[in-house]
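Below is one structure, written out as structure tokens; the observations come after it.
These numbers were taken from a predicted model, which means no experiment stands behind them. The chains referred to below are lettered A, B, ... by the order of the sequence lines, with proteins before strands, and numbering in each begins at 1.
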Amino acid sequence: MRLSAFALATTKETPADAEIVSHQLMLRAGMIRRLAAGLYSWSPLGMRVLRKVENIVRAEMDAIGALEMLMPAIQPAELWRESGRWDAMGPLMLRMTDRAEREYCFGPTHEEVITDYVKRDVRSYKQLPVTYYQIQTKFRDEIRPRFGLMRAREFIMKDAYSFHMDAADLDREYRNMRGAYHAILDRMGLDYRVVAADSGDIGGAKSEEFHVLALSGEDELAVSTDGAYAANIEAAKTVRPEGERAAPTGELKKIETPGVTTIAGLAEHMGVPESATAKSIVVMGESGDPVLLMLRGDHSLNEIKAQDLEGVVSPLTMADEATIRTHFGAGPGSIGPVNTNVTVIADYALANASDMVVGANYDGAHFTHFNWGRDHPEPQFADLRNVNAGDASPTGTGTLEILRGIEVGHVFQLGDKYSRALDLSVLDESGNAVVPEMGCYGFGVSRIVAAAIEQCHDDAGICWPQAIAPFDLVIIPIKADKSAAVREACETLYTELKAAGVDVAYDDRGLRPGPMFADAELIGVPHRIVVSDRGLESGKLEYKGRRDEQSSEIDHDVAAIKAVVLGG
RNA sequence: CGGGGCAUAGCGCAGCCUGGUAGCGCGUCUGCUUUGGGAGCAGAAGGUCGCAGGUUCGAAUCCUGCUGUCCCGACCA
């Protein structure tokens, strides 16, 4: 590509709206431009990166035998009513009506459509298993779009769906797909982790997420030091402590704690560590009565674990202050389990605790020396909290550390949720109708562009992994307008490198060297060749890798350059 | 959905408090010089100050409403 004809649109200044590095650099490099909140145009430069990502994803999908197709972005409401998700999806889904007042949505995902597609097509076990995929624009009306492409409303996703006669075959394809995701991320050269995940609204049994590691990541990952366990913090399990509960060392005693309504304040007032206190959280139960959840003072509630508890409403709903006063006789910040008749569910970490500090159900007072059995009947114990760094791994070996990641892939074993809801069945060898098992597999194509930048950048700009760089190499001429020799050498190099299969950019814009160097670094071209009179005389060219400290000499020879750029 | 910013030239910003002919830097255009890290000089173009209403002789500036956008929050009592 000749850059004079490429409409590069780099800027020196960082746009005010951009918060995180990938967003700033994509705007500065002129890869994307914001149209409205969560909606971005891709420039020709950005498009080159996007295409390279797509092609890697496509190649790896094809390699495991997945079949590419394309489904409509706009989907009829009736299909979503059949699966029950028209209401369940809520405001996340962008809805619209056509001139005949028929209802549609802009697809946030395609389980319904693909199931319907397969239903019309597949009748016999002989046609399964089958895996379809598409690379397509989705729209999700996020509560809060932010960070540029990281959480955009419109985004490009590869979504794949597989259909199987039984769970064992689903598991086989799930592993295949997981292997393909490893291959994709390995080819891109990114540092990533695979973690156990919560399935969320999509449903189904088993699911794992692929996260590109980055400090700006929105997700926290719990990874054991020995590598045997990795889970999204939403799904990371805690371990019920071993051993015996210590005997009480004193009687339940009410202490005045005026104005103390936080754990931090309580710990300070009582002169004990936060871990010696127990916090009481009131959520609504399925019976209509509230349920009291108790955690160690220094632990935090895991909302997903809580709403999955039997008897607790999902989605989790906090009790309002009036409800709390009715059942506890005190306001939030002063409540506890003593003398209440609500169901109490306590976190495992409190199972062996004794002599706790808890709220007294009396505004401005707490109890010390609270003990299970004596001061309140033994409660149900459950895994309620988020794991912390340093916790024991649930596998029994190693301890957990917390990493931050950007979710770029998610693989699910859905089971028969959609095939059953949409009435998909095929005949097996004996002529019996069987509801197929389904898997679904998402990969964030536009998001991984941002994730790659989060992981690969420096002060000068983006440092693309070569597999997804907009160009492999850039040729920069010095004093091209004065030197016919430089011009000719550049033209020849450009033509020959292109013919040799190198994705080469030739900076023929006639700029001074400074801006050319700066642009090449900002847009992250992995390899740079500088052509000048003083080099031409020696038969050498100047070469610099994007991450190299210093430039070096390279033979003025297309084969030699190609070897360096394309690795042999 | 709750809270808080912000909205003035293509981009980044000042001006607003204390009303009186709209400014700076970058970028853009022309000319000359310059050419190994975002050049210099000279000249030029470019803005219904987000929208609507109000106050005033007069509004970018004060008041009201709306819209857009960004950030924080929407579970720990």
Side-chain angles (χ1 to χ4, degrees), chain A residues 8-20 23-24 27-28 30 33-39 90-91 141-148 151 234 257 260-266 274 277-284 290 292-307 312-313 315-321 323-325 327-328 330-337 347 358-361 363 366 384-386 459-461 476-483 486 507 509-522 528 530-535 542 544 551:
Chain A
L8 262 191
T10 56
T11 64
K12 204 156 44 168
E13 293 184 271
T14 302
D17 286 350
E19 191 76 6
I20 60 170
H23 190 198
Q24 291 173 349
L27 289 170
R28 281 193 56 207
R33 201 163 293 165
R34 193 186 63 80
L35 177 64
L39 303 178
D141 198 356
E142 293 283 348
I143 292 174
R144 201 179 138 205
R146 62 184 129 178
F147 301 149
R151 187 163 292 281
E234 291 178 343
T257 54
V260 174
T261 59
T262 63
I263 291 295
L266 180 63
E274 291 188 8
T277 69
K279 65 172 78 172
S280 302
I281 301 167
V282 185
V283 300
M284 297 315 294
L292 177 60
L293 304 180
M294 295 195 64
L295 294 165
R296 213 171 77 182
D298 59 330
H299 286 160
S300 63
L301 179 69
N302 181 307
E303 188 175 343
I304 291 168
K305 291 176 182 176
Q307 71 188 14
V312 172
V313 296
L316 195 66
T317 309
M318 293 290 142
D320 58 30
E321 178 154 358
T323 307
I324 292 175
R325 287 205 172 269
H327 286 82
F328 294 86
S334 300
I335 56 170
D347 183 64
V358 299
N361 291 328
D363 283 327
H366 284 77
L384 285 183
R385 69 178 176 95
N386 286 319
D459 291 345
I476 293 181
I478 303 293
K479 290 195 220 178
D481 62 328
K482 292 276 163 55
S483 167
V486 166
D507 198 341
R509 294 177 295 171
L511 302 180
R512 299 162 57 82
M516 288 193 285
F517 293 148
D519 276 350
E521 282 157 8
L522 176 59
R528 182 183 88 184
V530 176
V531 178
S532 68
D533 276 324
R534 85 184 176 213
E542 178 185 316
K544 183 171 176 297
S551 56

Worksheet item: So which nucleotide does B:rU21 pair with, by the Watson-Crick or G-U wobble rule with both distances under 3.5 Å?
Response: none

Worksheet item: Partners of A:His23 by ring-ring contact (aromatic ring centres under 6.0 Å, His included), sequence neighbours excluded?
Response: A:Tyr40

Worksheet item: What nucleic acid atoms does A:Ala36 come within less than 4.0 Å of, heavy atoms only: base, sugar-phosphate, or nothing?
Response: sugar-phosphate

Worksheet item: What does A:Leu295 touch in the nucleic acid at a heavy-atom separation under 4.0 angstrom: a base, only the sugar-phosphate, or nothing?
Response: base

Worksheet item: Which of the following nucleotides, B:rU35, B:rC76, B:rA77, is nearest to the side chain of A:Thr262?
Response: B:rA77

Practice prompt. Using a strict 4.0 Å threshold on nitrogen-to-oxygen distance, state whether A:Lys482 and A:Asp533 make a salt bridge.
Written response: no

Practice prompt. Take the protein atom CG of A:Asp17 and the nucleotide atom P of B:rC13, then report the distance between them rounded to whole Å.
Written response: 9 Å

Fill in: Nearest-neighbour nucleotide for the A:Glu13 side chain, B:rC26, B:rA77, B:rC13 considered
B:rC26

Worksheet item: Picking from B:rC71, B:rG36, B:rA77, which would you name as closest to the side chain of A:Phe147?
Response: B:rC71

Practice prompt. Counting Watson-Crick and G-U wobble pairs only, both distances under 3.5 Å, name the nucleotide matched with B:rC62, or none.
Written response: B:rG54

Response to the item:
note: A:Arg509, atom CZ; B:rG37, atom C1'; distance rounded to Å ~ 14 Å

Worksheet, complete the sentence: Atom CD of A:Glu142 and atom P of B:rG73 are separated, to the nearest Å, by 16 Å

Response to the item:
Between A:Pro15 and A:Leu522, whichever has its closest RNA chain B nucleotide further toward 5' is A:Pro15

Worksheet entry | Residue A:Phe517, side-chain atoms from C-beta onward, closest of B:rC76, B:rU35, B:rG37 | B:rG37

Item to complete: Sticking with atom P, work out how far B:rU61 lies from B:rG15, rounded to a whole angstrom.
Response: 15 Å

Worksheet item: Side chain of A:Glu542, base of B:rG36: donor and acceptor closer than 3.5 Å?
Response: yes

Worksheet item: How would you label the contact of A:Arg534 with the nucleic acid (heavy atoms, under 4.0 Å): base, sugar-phosphate, or nothing?
Response: base

Item to complete: Please give the nucleotide sitting opposite B:rA7 as a Watson-Crick or G-U wobble pair, both distances under 3.5 Å, or none.
Response: B:rU67

Discussion item. Within the 4.0 Å heavy-atom criterion, would you say A:Ala319 contacts the bases, only the backbone, or no part of the nucleic acid?
Written reply: base

Worksheet item: Rounded to the nearest Å, what distance is computed from the CG atom of residue A:Leu27 to the P atom of nucleotide B:rC26?
Response: 22 Å

Worksheet item: Ion pair present between A:Glu542 and A:Arg528, side-chain N to carboxylate O less than 4.0 angstrom?
Response: yes

Worksheet item: Roughly, in whole Å, what's the span from CG in A:Leu39 to P in B:rU69?
Response: 9 Å

Worksheet entry | Separation between the C1' atoms of B:rG37 and B:rG12, rounded to whole Å | 22 Å

Item to complete: In whole angstrom, give me the gap between the P atoms of B:rU21 and B:rC16.
Response: 13 Å

Worksheet item: Between B:rA77, B:rG36, B:rG38, which one does the side chain of A:Ile263 approach most closely?
Response: B:rA77

Item to complete: Pick base, sugar-phosphate or nothing for A:Ile324, based on heavy-atom distances below 4.0 Å to the nucleic acid.
Response: base

Worksheet item: Hey, is CZ on A:Arg33 packed in by over 12 heavy atoms from elsewhere, all under 6.0 Å?
Response: no

Item to complete: Could you measure between the two P atoms, the one in B:rC17 and the one in B:rA7, and give it in whole Å?
Response: 14 Å

Worksheet item: For A:Leu511 and B:rU34, what is the distance between atoms CG and P respectively, to the nearest whole Å?
Response: 18 Å

Discussion item. Rounded to the nearest 0.5 Å, what separates atom CZ in A:Arg28 from atom NZ in A:Lys12?
Written reply: 9.5 Å

Worksheet item: How would you label the contact of A:Arg33 with the nucleic acid (heavy atoms, under 4.0 Å): base, sugar-phosphate, or nothing?
Response: nothing

Worksheet item: To the side chain of A:Arg528, which of B:rA77, B:rG37, B:rC70 is closest?
Response: B:rG37

Worksheet item: Touch check for A:Ile143, heavy atoms < 4.0 angstrom, all strands: base, sugar-phosphate only, or nothing?
Response: base

Practice prompt. Could you work out the separation of B:rA9 and B:rG25 based on their P atoms and round it to a whole Å?
Written response: 16 Å

Fill in: Sugar-phosphate only, base, or nothing, as touched by A:Asn302 at under 4.0 Å among non-hydrogen atoms
nothing

Discussion item. Suppose you measure atom C1' in B:rU8 against the same atom in B:rG68; what distance do you get, rounded to whole Å?
Written reply: 16 Å

Worksheet item: So which one's nearest nucleotide on RNA chain B is more toward 5', A:His299 or A:Glu521?
Response: A:Glu521

Discussion item. Quick check on side chain to side chain contact (heavy atoms under 4.5 Å, CB included): which of A:Asp481, A:Val531, A:Ile478 does A:Val486 satisfy it with?
Written reply: A:Val531

Worksheet entry | Pairing nucleotide - B:rU34, Watson-Crick or G-U, each distance under 3.5 Å | none

Fill in: Sugar-phosphate, base or nothing in reach of A:Arg151, heavy atoms under 4.0 Å
nothing

Worksheet item: What about A:Arg512, does its side chain sit under 3.5 Å from the base of B:rU34 through a donor-acceptor pair?
Response: yes

Worksheet item: Does A:Gln307 reach the main-chain N or O of A:Leu316 with its side chain, forming a donor-acceptor pair under 3.5 Å?
Response: yes

Discussion item. Counting only side-chain heavy atoms from C-beta out, which of B:rU69, B:rG38, B:rU35 sits nearest to A:Asp519?
Written reply: B:rG38

Fill in: side chain to side chain contact (heavy atoms under 4.5 Å, CB included) partner of A:Met318, the single match among A:Ile281, A:Val282, A:Ile324
A:Ile281

Worksheet item: Roughly how far apart, to the nearest Å, are B:rG40 and B:rU35 at atom C1'?
Response: 12 Å

Discussion item. Please classify the nucleic acid contact of A:Ala518 as base, sugar-phosphate, or nothing, using heavy-atom distances under 4.0 Å.
Written reply: base

Item to complete: Answer with base, sugar-phosphate or nothing: what part of the nucleic acid does A:Lys279 contact at a heavy-atom distance below 4.0 Å?
Response: base

Item to complete: Quickly work out the A:Arg325 CZ to B:rA77 C1' distance and round it to whole Å.
Response: 11 Å

Worksheet item: So what's B:rG73 paired with, Watson-Crick or G-U wobble, going by both distances under 3.5 Å?
Response: B:rC1

Discussion item. Heavy atoms only, 4.0 Å cut-off, all strands: where does A:Val282 land among base, sugar-phosphate and nothing?
Written reply: base

Fill in: Atom-to-atom span, CG of A:Asp507 to P of B:rG36 - whole angstrom
15 Å

Discussion item. With rounding to the closest Å, how many angstrom separate the C1' atoms on B:rC49 and B:rG19?
Written reply: 14 Å

Discussion item. Measuring from the side chain of A:Lys12 (C-beta onward, heavy atoms only), which nucleotide among B:rC70, B:rG36, B:rC26 has the closest atom?
Written reply: B:rC26

Discussion item. Please check: side-chain N/O of A:Asn361 versus main-chain N/O of A:Ala330, any donor-acceptor pairing under 3.5 Å?
Written reply: no

Worksheet item: So what does A:Leu301 touch, heavy atoms closer than 4.0 Å: a base, only the sugar-phosphate, or nothing?
Response: base

Worksheet entry | Cationic N near anionic O, under 4.0 Å, A:Arg325 to A:Asp363 | yes

Worksheet item: Is there a Watson-Crick or G-U wobble partner for B:rG47 with both distances under 3.5 Å, and if so, which one is it?
Response: none

